[in-house]
Peer 1: 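I'd like to ask some things about the structure below.
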Protein chains: 2
Amino acid sequence: MTRLPDLFAALADPTRFAIVERLLAEGEQSAGELADIADITAPAISRHLKVLREAGVVTQRIDGQRRIYAVTPEPLQAISAWAIAHRDFWEGSLDRLEAAIRNRRKESR
Amino acid sequence: MTRLPDLFAALADPTRFAIVERLLAEGEQSAGELADIADITAPAISRHLKVLREAGVVTQRIDGQRRIYAVTPEPLQAISAWAIAHRDFWEGSLDRLEAAIRNRRKESR
DNA sequence: CTGTTAATTAACGCAAATGTTAATTACATG
DNA sequence: CATGTAATTAACATTTGCGTTAATTAACAG
């Protein structure tokens with residue numbers, strides 16, 4: 001089981017976070033398709049994907065000469081579990097949490 | 001509102017994560033009380049607290065010559081909201097895993 | 001076999017993060 | 001007011017992270 005700080009480190013970079021969001025929103029994609037996620041070169045993307053892979057955030061599937069990436073469920077589960085484990089701490093504002101979720105959905109359309 | 005990658009960056013360091021866990025478990029504590037959280041000097045702790053403060057993860061309260069720190073609810077809320085917003089993804093992870101395996105079998109024929 | 005495409009690895013430069021010791025600020029107390 | 005305690009800021013060294021270009025590996029197409 002990956003430790004949370006390592007998971008957070010993987011998601012702390014804006015480019016990597018964008019990759020994860022994209023994969024979550026649109027499903028699995030090849031390294032090439034992810035190229036336009038940020039204004040950086042292909043090797044840079046490749047290294048970000050490696051970091052995500054080593055943190056267990058994404059899995060790699062080989063299809064011909066393409067490497068196809070998808071988000072792994074476990075890390076998201078782990079993060080959710082951690083936040084919810086401390087729910088008694090921030091439970092005072094469930095309304096705001098709900099609002100935040102609604103907001104996210106709205107933005108992603 | 002703080003962006004998630006910045007939040008994750010604040011929590012990516014093991015010492016900072018330990019500070020947050022401690023404050024969540026035992027409630028607010030002074031910088032001095034947090035000194036034993038890791039085998040580093042007081043200035044190092046102080047800088048970690050500054051990072052957490054600037055990311056909005058903790059608040060600082062002044063009491064005499066002590067600075068007392070406590071976790072802010074909003075960041076945990078935000079993280080939880082993000083994870084839960086993608087719950088449909090990792091909730092049925094077993095089904096998806098199965099489907100992915102079936103899919104791969106189909107393709108390789 | 002040859003050339004093209006997809007992606008990664010190698011080698012390198014630079015900026016940011018993290019630790020140290022020393023100096024500073026602010027409050028408390030005899 | 002002089003001294004001690006709590007914490008931070010300053011200055012500096014070292015490591016890590018992230019980007020680049022060039023080289024490499026692997027699969028595909030003629």
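Numbers restart at 1 for each chain; the letters A, B, ... are given by sequence-line order, proteins then strands.
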Peer 1: Compare side-chain N and O positions of T41(B) against OP1 and OP2 of dG19(C) and report whether any pair is under 4.0 Å apart.
Peer 2: no
Peer 1: Please report the distance, rounded to the nearest Å, between CD1 in I40(A) and C1' in dC18(D).
Peer 2: 8 Å
Peer 1: Nearest whole angstrom, please: distance from the P of dA28(C) to the CD1 of I62(B).
Peer 2: 11 Å
Peer 1: Does CZ in R66(B) sit with more than 12 non-hydrogen atoms of other residues, nucleotides or ligands closer than 6.0 Å?
Peer 2: no
Peer 1: Whole angstroms only, please: what is the CZ-P distance between R61(B) and dA7(D)?
Peer 2: 12 Å
Peer 1: Heavy atoms, side chains only, cut-off 4.5 Å: are V57(B) and T2(B) in contact?
Peer 2: no
Peer 1: Treat primed atoms plus P, OP1 and OP2 as sugar-phosphate and everything else as base, then score nucleotides 7-18 of chain C 5' to 3': B for base contact with protein heavy atoms under 4.0 Å, S for sugar-phosphate contact only, - for none.
Peer 2: SBB-B------B
Peer 1: Carefully, step by step, assess D36(B) and R22(B) under the rule side chain to side chain contact (heavy atoms under 4.5 Å, CB included).
Peer 2: CA-CA 11 Å; D36(B) 65 336; R22(B) 171 100 146 245; 2.8 Å; yes
Peer 1: Ring-plane angle category for W82(A) and F17(B), please: parallel below 30°, perpendicular beyond 60°, tilted otherwise.
Peer 2: tilted
Peer 1: Would F8(A) and L7(B) satisfy side chain to side chain contact (heavy atoms under 4.5 Å, CB included), going step by step from the backbone distance to the final call?
Peer 2: CA-CA 9 Å; F8(A) 290 143; L7(B) 235 45; over 6 Å; no
Peer 1: In this structure, would I40(B) and L52(B) fall into the same cluster of hydrophobic residues linked by side-chain contacts under 4.5 Å?
Peer 2: yes
